[in-house]
Amino acid sequence: MEALLRRCRLPALGARQRGIRARHGGTPGRARRPLLSQLFQPLALPVGGQAGSEGRPGEPTCRSQRLMLQGGLIHPTSPGCYCYLPPTVRAMEKLIKVMDEEMQAVGGQKLNLPSLCSAELWRASGRWDQMGPELFRLMDRHNHGYCLGPTHEEVVTELVASQSSLSYKQLPLRLYQVTRKFRDEPKPRFGLLRSREFYMKDMYTFDTCEEAARHTYEQVCDAYCSLFTRLGLPFVKVQAATGSIGGTTSHEFQLPADIGEDRLVLCPQGHFAANVETLNGEQTSCPTCGEKLTETKGIEVGHTFYLGTKYSSVANAVFCSAENKPQLAEMGCYGLGVTRILAASIEVLSTEDSIRWPSLIAPFQLCFIPPKRGSKQEEEGAVLLDRLYDDLAEALPHLAGDSVLDDRTQLTIGKRLKDANRLGYPYVVVAGKRVCEDPPVFEVWNQNAGEVLYLTKEGVIELLSKVQVP
């Protein structure tokens, strides 16, 4: 086995580098270990007194936007539209896996609905005019009108209505998707927090009666609470207005943050929480315990609606009841902003200059830092770090594809450790000065806990055995 150091110092197309690719990418069924220098992650981190990337001139910025631009996570293409670069896609795919687990735990079935939605359906529901200029509208060559879907109540209800033999025995029906959505924001801002094109998880449910539909509503809300708890996010569930989607009951899931655009009032004892737009007059005390309400700002990351028959009555989405009579389905709809959750997580968990991810969805769980080129620990440390990686991959195979090697050995360990801190890897393993001791001791940084540990190979494996990956 060649020393890791030698691999790192050779030109990308050299013979030994080709050996690395064979070692870590050429073996069928074996995941290639990513090298930081080869990742498509154009870093624009601050250097010395110079600022990193800040966003478009004149556009309001926030912490998450600045950090995501500097960390090579997103790239702006036009106002409100971004390229999601590979690390962001890794985080997004992990988040979607967690969402899939929660949605399928409540009986969700995943589908995919078209982004091009017929104007005819939207006119029938009344939302073609109600949505106003936020709706992206277009005509095809046959002069048929369409919109780019910001949400899909009309389309999914028409789909269910087309099933003429739907029986009460097939309900509840809980259909969901994770797709791109579009909204013509008048002033896109704050990166992925307020964009024109974004990913959303939207679920649509169909039940036999109001009681069953409200039970479904509570189940999905509980699933949302479970999701945010698993992510370790400080969320609050608040009463909310139904807006253009409609219905009679609505709740938002908010992450309190100074940059948030929603104003919330909260009971200190947790008895009451609401978006101020739902309040009648100037309500200042909790209706349950009388405590004075506190006000904060929040970033909306989820929204739930009990719709009743608002859409099923328009599309005639009926099922055959136990009495063998057609009956309108009772509906609900439930949204989670996938890309907004990514940005909002960074907004509320990070420091001003360092990204912090929810550990569960970090693009990479682990960063290895070998010794600096020319250092005393160069050869032995690189070999030992390589051996640690192999042993770790064997003991914890779920982490084998979740680590990256910072092969920029021309830089000091301190410089690479600083970059690793800014990029937010939950764990960083360094082959430092103590790696040549007997037994070898590695420096392990637990970024989210803010602690550094000095561990043998066995200690590193034991520590990382607690790491969860979706």
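In what follows, every heavy atom counts, from backbone to side chain, and hydrogens, waters and symmetry copies are set aside.
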- Message: Is a donor from one side chain sitting under 3.5 angstrom from an acceptor on the other, for Tyr176 and Gln104?
- Response: yes

- Is it true that atom CD of Gln130 has more than 12 heavy atoms of other residues, nucleotides or ligands lying nearer than 6.0 Å? yes

- Message: Any carboxylate oxygen within less than 4.0 angstrom of a Lys/Arg side-chain nitrogen, looking at Arg194 and Glu261?
- Response: yes

- Message: Regarding Arg422 and Gln70, do their side chains bring together a donor and an acceptor under 3.5 Å, going by distance alone?
- Response: no

- Have a look at Glu197 and tell me which of Arg180, Glu185, Lys181 forms a side-chain contact (heavy atoms from CB on, under 4.5 Å) with it. Arg180

- Item | Set of salt bridge (Lys or Arg N to Asp or Glu O under 4.0 Å) partners for Lys97, sequence neighbours left out | none

- Message: Out of the candidates Arg263, Glu252, His251, only one should pair with Asn275 under the side chain to side chain donor-acceptor pair (under 3.5 Å) rule; please name it.
- Response: Glu252

- Task: Using a strict cut-off of less than 4.0 Å between a Lys/Arg side-chain nitrogen and an Asp/Glu carboxylate oxygen, indicate whether Lys297 and Asp262 qualify as a salt bridge.
- Result: no

- Item | Exercise: identify the closest heavy-atom pair between Pro358 and Leu233 | CG-CD2, 4.2 Å

- Taking all atoms of both residues into account, what is the closest heavy-atom pair of Cys117 and Trp122, and its distance? CB-NE1, 3.6 Å

- Begin with the C-alpha distance, continue with both residues' side-chain angles, and end with the deciding distance and a verdict on side-chain contact (heavy atoms from CB on, under 4.5 Å) for Cys225 and Phe235. CA-CA 8 Å; Cys225 292; Phe235 74 98; 3.8 Å; yes

- Message: Testing Pro426, Pro363, Ser350 one by one against Trp357 for a side-chain contact (heavy atoms from CB on, under 4.5 Å), which residue passes?
- Response: Pro363

- Query: Is any side-chain N of the basic residue among Lys94 and Asp402 closer than 4.0 Å to the acidic one's carboxylate O?
  - Reply: yes

- is_close_aromatic(Tyr389, Phe368), centroid dist under 6.0 Å: yes

- Query: How far apart are the C-alpha atoms of Glu101 and Arg230, what are their side-chain angles, what is the distance that settles it, and do they pass the salt bridge (Lys or Arg N to Asp or Glu O under 4.0 Å) test?
  - Reply: CA-CA 11 Å; Glu101 290 170 7; Arg230 290 175 66 186; 2.7 Å; yes

- Task: Answer with yes or no after comparing the ring centroid distance for His215 and Tyr217 against a 6.0 Å cut-off, counting only values under it.
- Result: no

- Closest heavy-atom contact between Asp184 and Pro133? CB-O, 3.4 Å

